[in-house]
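First comes the structure, then the notes that go with it.
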Amino acid sequence: MNDSYGLSLPTHADNLLQGLNQQQREAVCLPDTHALILAGAGSGKTRVLTTRIAWLLSQQRVSPAGILAVTFTNKAAKEILTRLSSMLPLNVRGMWIGTFHGLCNRFLRAHHQVAQLPQAFQILDMQDQLAAIKRLYKQFDIDAVSTPPKQMQHFINSCKEDGLRADDVPANNINSRKNSEIYRLYEAQCQREGVVDFGELMLRSYEVLRDHATIRTHYQQRFRHILIDEFQDTNYMQYRWLKLFVSSDDAIQKNAVFAVGDDDQSIYSFRGARVDNMNDFMLDLKVKHQIKLEKNYRSYSNILDSANALISNNKHRLGKNLSTQAGAGEPVRVFEHISDMEEAFWLVDEVRQLLRDDDIHRRQIAVLYRSNAQSRIIETCLFNAGMPYKVYGGLRFFERAEIKHALAYLRLLDNPRDDTSFARVVNFPRRGIGAGSMETLQDIAKSENCALYDAVEKVDTRAKTNLVSFVEQIRAMRAQAVKLSLPDLVRYTLDASGLLSHYKKDNDGADRVENLEELIHAAENFCSQEGLMPDIAALQEVSWAAEEFDDLAKNNVAGETVETLTPLSLFLSHASLEAGDNQAQAGQDAVQLMTVHASKGLEFKVVFITGLEESLFPHENAMYAQDGLEEERRLLYVAITRARERLYLSYAQSRMLHGQRHYHIRSRFFDELPDRCLKWIRPKQNLYSDDIAQIGDKQTNLDELDTSTEQQSELRCGMQVFHTKFGEGKVLAVEGSGLDAKVQVQFKRHGSKWLVAHIAKLTVIA
DNA sequence: GCTGTAGAACTTTTT
DNA sequence: GTTCTACAGC
């Protein structure tokens with residue numbers, strides 16, 4: 001029997017619940033009320049969220065159009081869509097599943113008139129935004145030394161995140177008045193150019209919903225079920241945005257918010273994430289259902305118990321303890337090294353051994369570090385050893401310079417008044433239009449209050465010829481553009497702009513030419529079924545919104561010409577919202593290198609966590625604040641829980657940082673891990689003649705066995721020394737000689753201590 | 001208008 | 001130690 005959504009029931013619902021544990025099942029089958037699901041690492045979070053949607057649909061509790069599911073990353077949104085379509089033979093088209101920004105984009109295109117935006121508005125990524133601010137600085141002669149553009153960018157973004165417009169920013173001193181004035185100018189510039197930044201996508205949608213009861217009520221009634229992934233990562237604005245979808249009106253049927261998150265994995269407070277949203281959510285919406293998913297299906301208990309013990313040191317938690325039935329597994333291996341160099345050598349060696357002895361592939365091995373700078377030395381060693389590796393992070397496809405150039409031309413075809421794009425490519429490839437000409441042009445644009453593109457004809461200096469021929473070129477390309485399909489248009493643009501031939505002439509341009517050709521593929525892909533699906537849905541929404549809110553629109557923006565969304569503008573917003581893969585050397589089986597942040601949500605058979613030293617992990621900038629330290633702890637918690645079978649923790653006594661050798665003691669987090677789960681090992685090294693020593697008790701035995709063969713006899717008063725446990729210190733006194741020699745050392749952080757010279761492992765720093 | 005060099009910065013990052 | 005930015009010089 002078929003129901004209205006094309007699903008056969010109820011057998012399907014039973015199938016969905018197969019293989020779920022008690023808590024998961026409970027979460028999936030919750031009634032239509034608000035709920036908070038505390039989902040620990042590896043507890044099947046995405047599965048629960050996806051199954052919940054499938055179950056709701058199969059139970060006919062909601063139609064696809066009544067689903068709103070929000071994620072942070074495109075990857076997560078895609079994952080949900082893929083899993084969902086494998087669970088249900090359904091049409092995902094009516095659902096709103098996407099990232100916060102992707103959904104805001106869709107929303108604003110649909111309600112562009114109310115939002116006072118051109119329908120084909122373009123989206124500035126961080127790079128574009130910074131460029132726009134710099135352009136503003138030039139135009140208004142703003143002092144970039146006292147207020148650096150980067151700082152301004154941060155200021156603007158955090159204002160928007162807090163829901164503040166330029167008028168709302170408190171301006172009670174010269175500095176804040178200046179800031180809000182620049183913010184105001186920036187807002188005006190964006191509005192004039194028809195561009196929005198990421199923060200604006202959120203804020204503008206929020207304001208539209210807040211100020212237009214008709215629209216708000218419509219969506220409140222439409223979205224019966226609102227589901228949020230990674231709720232601990234939401235910022236203030238996102239939470240407020242979300243709340244606007246929740247009806248407070250008793251007259252209409254209540255909708256239900258299903259928030260999934262893990263406060264222990266909140267590692268993004270530096271970019272505005274508010275864990276407190278979880279508590280606020282419970283209180284604001286009077287949430288009665290809280291379900292903890294604590295069964296872990298990923299790791300053995302030595303790994304899990306380490307993670308649990310560590311995180312229990314945090315004071316502010318909602319409280320959760322992961323457990324597994326997988327058994328203890330191998331102990332967590334802990335290694336100490338003399339230097340970052342030794343650590344990297346050891347790592348390569350260990351990886352080699354893993355590949356040789358065990359049934360492990362390179363791609364199942366992850367090397368994690370706290371900061372990007374640490375990857376260099378590891379990369380060097382892996383490279384020299386001929387070991388394939390992949391580094392995550394760095395420039396993504398759509399962020400590469402040549403791609404940004406090509407996109408700038410495409411944007412100009414879509415909207416010639418996009419000054420950011422104009423400025424980017426007006427002299428690339430070179431057309432003899434330098435800073436001087438641009439300054440003239442910008443002055444005119446400013447005094448005429450028009451776009452750079454329109455200001456060209458008013459130039460009357462020598463610079464005019466080149467500028468006019470550029471504008472002519474764009475005009476000619478625009479004329480061609482309407483005749484071509486998107487992939488052909490991209491191909492044509494690369495040619496006609498001269499970009500392709502420019503890079504072909506360049507001896508080192510082969511990679512860039514390849515990337516540009518890849519851009520054509522990206523366009524083709526985008527047009528093929530799969531790529532376009534969500535955006536076709538967006539187009540349908542737009543036509544629906546035009547009908548639904550026609551009156552509203554007329555009242556707000558009178559006489560605006562009706563524009564249409566071209567495949568080009570859809571492709572351009574896709575390019576801004578999804579910057580593409582950020583891993584280099586895709587494809588082959590390679591060891592995975594990434595920061596701990598980047599590893600969130602992933603899992604590996606073997607995980608190495610490197611650089612576990614005080615002031616690196618926990619990082620020095622976070623060490624002295626309670627909140628900072630707790631977040632560092634969560635960060636390590638995330639790192640540990642990435643491992644399925646085998647976990648290595650390593651630290652080095654010394655490390656090159658900012659061109660200087662630094663000496664650090666091992667991370668304080670080691671003291672928070674349970675001894676019974678750890679195995680302290682000293683690696684076999686050329687420096688040492690003895691074999692690998694296995695040490696049971698890290699506190700005492702390590703020192704005894706650490707009678708390194710290094711020369712340490714010539715300790716003298718006044719020397720700066722380094723001790724693995726106590727850190728840096730100064731030698732105050734030396735007594736005796738040979739094996740009986742004792743030294744008194746004044747440590748910076750641990751006071752003065754008497755040590756037996758040949759037992760205590762002291763490294764002379766200076 | 002372009003190129004080279006001195007100076008500063010430098011934790012984590014998605015959209 | 002490296003990498004980006006800004007300004008000076010050709």
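Residue numbering restarts at 1 for every chain, and letters A, B, ... go by the order of the sequence lines.
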- Counting any heavy atom closer than 4.0 Å, what does A:Ser576 reach on the DNA or RNA strands: base, sugar-phosphate only, or nothing? nothing
- How close or far is atom C1' of B:dT13 from atom CG of A:Asn74, stated in whole angstroms? 14 Å
- Within the pair A:Asn621 and B:dC10, is there a side-chain N or O less than 4.0 Å away from OP1 or OP2? no
- Message: Any donor-acceptor pair under 3.5 Å linking the side-chain atoms of A:Glu161 with those of A:Ser158?
- Response: no
- Message: Of the listed nucleotides (C:dG1, C:dT5, B:dT15), which one gets closest to any side-chain atom of A:His658?
- Response: C:dG1
- Query: Between atom CD in A:Gln374 and atom C1' in C:dT2, what is the gap in whole Å?
  - Reply: 15 Å
- Note on the structure: Checking C:dG1, B:dT15, B:dT11 against the side chain of A:His619 (C-beta onward), the nearest is B:dT11
- Message: Under 4.0 Å, counting only non-hydrogen atoms across every strand here, what does A:Gly436 touch: a base, just sugar-phosphate, or nothing?
- Response: sugar-phosphate
- Among C:dT5, B:dT12, B:dC2, the one nearest A:Asn427 by side-chain distance: B:dC2
- Query: Is the count of non-hydrogen atoms from other residues, nucleotides or ligands lying under 6.0 Å from A:Phe345 atom CZ greater than 12?
  - Reply: no
- Message: So A:Met202, base contact, sugar-phosphate only, or nothing? Heavy-atom distance under 4.0 Å.
- Response: nothing
- Item | Cationic N near anionic O, under 4.0 Å, A:Glu399 to A:Arg396 | yes
- Validate the cation-pi geometry between A:Arg633 and A:Phe669: distance from NZ or CZ to the six-membered ring centre under 6.0 Å, angle to the ring axis within 45°. no
- A:Met656 has its side chain closest, among B:dT15, C:dG1, B:dT12, to C:dG1
- Query: Just checking, is any N or O donor in the side chain of A:Ser654 or A:Arg661 under 3.5 Å from an acceptor N or O on the other one?
  - Reply: yes
- Report which part of the nucleic acid A:Phe270 touches: base, sugar-phosphate, or nothing (heavy-atom distance under 4.0 Å, all strands). base
- Message: Classify A:Ile433 by what it touches in the nucleic acid, base, sugar-phosphate, or nothing, heavy-atom distance under 4.0 Å.
- Response: sugar-phosphate
- Message: Tell me whether the side-chain N/O atoms of A:Asn372 come closer than 4.0 Å to OP1 or OP2 in B:dT12.
- Response: yes
- Query: Could you give the OH-to-P distance, from A:Tyr137 to C:dT5, as a whole number of Å?
  - Reply: 15 Å
- Message: On DNA chain B, compare the nucleotides closest to A:Arg431 and A:Ser371; which residue's is nearer the 5' end?
- Response: A:Arg431
- Task: Can you tell me the distance, in whole Å, between the CZ atom of A:Arg271 and the C1' atom of B:dT13?
- Result: 5 Å
- Answer yes or no: does a side-chain N or O of A:Arg430 lie under 4.0 Å from OP1 or OP2 of B:dC2? yes
- Item | Geometric class of the A:His111/A:Tyr219 ring pair [parallel <30°, tilted 30-60°, perpendicular >60°] | perpendicular
- Distance between C1' atoms of C:dT3 and B:dT14 (Å, rounded): 23 Å
- Message: What residues from residues 142-161 of chain A pass a heavy-atom cutoff of under 4.0 Å to DNA chain B?
- Response: none
- Item | Length of the CG-C1' vector between A:Leu629 and B:dT12, whole Å | 15 Å
- Item | Donor on one side chain, acceptor on other, A:Ser650 and A:Glu343, under 3.5 Å | yes
- Message: Output the rounded distance in Å from CZ (A:Phe72) to P (B:dT14).
- Response: 13 Å
- Task: Describe the nucleic acid contact of A:Phe100 in one word from base, sugar-phosphate, nothing, applying a heavy-atom distance below 4.0 Å.
- Result: nothing
- Query: Contact class for A:Asp233 (heavy atom, under 4.0 Å): base, sugar-phosphate, or nothing?
  - Reply: nothing
- Task: Flag this pair as yes if the NZ/CZ of A:Arg271 is under 6.0 angstrom from the six-membered ring centre of A:Tyr268 and inside a 45 degree cone about the axis; otherwise no.
- Result: yes
- Message: Measuring to OP1 and OP2 of C:dG1, would you say a side-chain N or O of A:Arg655 lies under 4.0 angstrom away?
- Response: no
- Query: Expressed in angstrom and rounded to an integer, what is the separation of A:Lys134 atom NZ from C:dC7 atom C1'?
  - Reply: 14 Å
- Task: Inspect the contact between A:Asp125 and A:Lys404 and indicate whether a charged nitrogen and a carboxylate oxygen are less than 4.0 angstrom apart.
- Result: yes
